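Take a look at the structure set out below.
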Number of protein chains: 2
Amino acid sequence: MDSEDNSSFGYDAFRRTCPSHTVLETLANKWVYLVVCALRRGRLRNGELARKLEGITPKMLTQTLRILERDGIVRREIFPVIPPRVEYELTELGQNLAGLLNQIRSWSEQHVPDIRDARARASMEPQEDSVARG
Amino acid sequence: MDSEDNSSFGYDAFRRTCPSHTVLETLANKWVYLVVCALRRGRLRNGELARKLEGITPKMLTQTLRILERDGIVRREIFPVIPPRVEYELTELGQNLAGLLNQIRSWSEQHVPDIRDARARASMEPQEDSVARG
DNA sequence: CCGGATCCCTTTCGATACTG
DNA sequence: CAGTATCGAAAGGGATCCGG
């Protein structure tokens, strides 16, 4: 048994043709992260999301929401009123996921200094000491 | 205090100009996920990584590793021998992160059926029942 | 207010071939 | 074995106009 890190159900995200690889590919997206995290505390309207996700264009917001809706992570509720009102909320599956994605977001915030330092060190371009020795 | 989901240090990944946003952007990448997860159990050589990450091209592998190295997530060790031998391993920072990323990978594998079902349902294109009512 | 449809530029990524 | 260079295809993403 060499599948120590694959305690799952025969799926293996390291394999390109594995469906789980596609799922991972979907999640590995900045806007997906942020939208899911934004909805974590409850339902939001389109405009509220747009304001919360600073700089997102309507197009990307809609596109991201459609993907998440298609994958059963977000539920969309349309109120047939004028002016239109649409609300988005996480499904149970989405809430499950949101916990994990939010940890990554939190990690990103907490480790800004570490990464900033690492980049600074990297840009000092340390030269390899000596070399060779067949 | 409306920063309930930002218990961090004034960083806010929802803001485009926030450094944490950039960090999140770096992490929101399929190959980053997989490389970090692959290194989770210990150091690997370039070729070992290439074999584990089915379908990754040398170019993407190198590029991903350089980014991770620059950000202090991966450490690279070069053995000055012929033929060349290079090993990669997670730094402490990287190990910290790997735990989180691996949860996402695991989630992707576990929820393949859920997402497959959701997509199937979505492709049935459910029509909205009635509408309107100013 | 919600969001679909286009146009278009930029970046990314894969495939391939090559060097030390 | 490790890594670089180049090229073309594809996707990401902004701007804008339009419709319900």
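Keep in mind the model is a prediction, meaning the values are calculated, not measured. Every chain is numbered from 1 and lettered A, B, ... according to where its sequence line falls, protein lines coming before strand lines.
- When every heavy atom of B:L90 is checked against every heavy atom of B:R75, the shortest pair comes out as O-NH1, 4.2 Å.
- When the side-chain nitrogen and oxygen atoms of B:R76 are compared with OP1 and OP2 of D:dG3, one or more of them lie within a distance under 4.0 Å.
- We find that CZ of B:R66 is positioned 12 Å from P of D:dA5, with the value rounded to whole Å.
- The minimum heavy-atom distance between B:G72 and B:T91, with the atom names listed, is O-OG1, 2.6 Å.
- For A:E87 and C:dG3, the CD to P distance is 11 Å, given to the nearest whole Å.
- At whole-Å resolution of the value, CG in B:L61 and C1' in D:dA5 are 17 Å apart.
- Per the geometry, CG belonging to B:L65 stands 8 Å off P belonging to D:dG3, to the nearest Å.
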Please list every donor-acceptor pair under 3.5 Å in which a side-chain atom of residues 24-32 of chain B meets a protein atom from a residue at least two apart or in another chain.
from: B:E25; atom 1: OE2; to: A:K30; atom 2: NZ; distance (Å): 2.9
from: B:T26; atom 1: OG1; to: B:T22; atom 2: O; distance (Å): 3.0
from: B:N29; atom 1: OD1; to: B:W31; atom 2: N; distance (Å): 2.7
from: B:N29; atom 1: OD1; to: B:V32; atom 2: N; distance (Å): 3.1
from: B:K30; atom 1: NZ; to: A:H21; atom 2: NE2; distance (Å): 3.4
from: B:K30; atom 1: NZ; to: A:E25; atom 2: OE2; distance (Å): 2.9

Seminar exercise, completed: Heavy-atom contacts, protein to nucleotides 6-20 of chain D, under 4.0 Å, summarised as B (base), S (sugar-phosphate only) or - (none) per nt, yield BB-----BBB----B
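- At the phosphate of D:dA2, OP1 or OP2 sits under 4.0 Å from a side-chain N or O atom of B:R45.
- Contacts of A:Y88 with the nucleic acid, taken as non-hydrogen atoms under 4.0 Å apart, involve only primed sugar atoms and P, OP1 or OP2.
- Between the side chains of B:S106 and B:Q110, at least one donor-acceptor pair of N or O atoms lies under 3.5 Å.
- With the end axes of the helix from C:dC1-D:dG20 to C:dG20-D:dC1 each set by five pairs, the angle from one to the other reads 40° at 10° resolution.
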For this session: Evaluate salt bridge (charged side-chain N to carboxylate O under 4.0 Å, His left out) for A:E87 paired with A:R43, printing each intermediate quantity in order.
Result: CA-CA 6 Å; A:E87 291 184 359; A:R43 52 169 52 201; 2.4 Å; yes
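- In this structure, B:R66 and B:Y88 approach most closely via the heavy-atom pair NH1-OH, 3.4 Å.
- For the pair B:I82 CD1 and D:dC1 P, the interatomic distance rounds to 14 Å; values are reported in whole Å.
- Counting non-hydrogen atoms of other residues, nucleotides and ligands closer than 6.0 Å to CZ of B:R116 gives a total of 12 or fewer.
- Atom P of nucleotide C:dG3 and atom CD of A:E48 are separated by 13 Å, given to the nearest angstrom.
- Atom CZ of B:F79 is separated from atom C1' of D:dC1 by 14 Å (rounded to the nearest Å).
- For the pair A:R51 CZ and C:dC2 C1', the interatomic distance rounds to 13 Å; values are reported in whole Å.
- Heavy atoms only, all atoms of each residue included: B:P84 and B:R45 are closest at O-NH2, 3.4 Å.
- Around the CZ atom of A:R15, the shell of radius 6.0 Å holds no more than 12 heavy atoms that belong to other residues, nucleotides or ligands.
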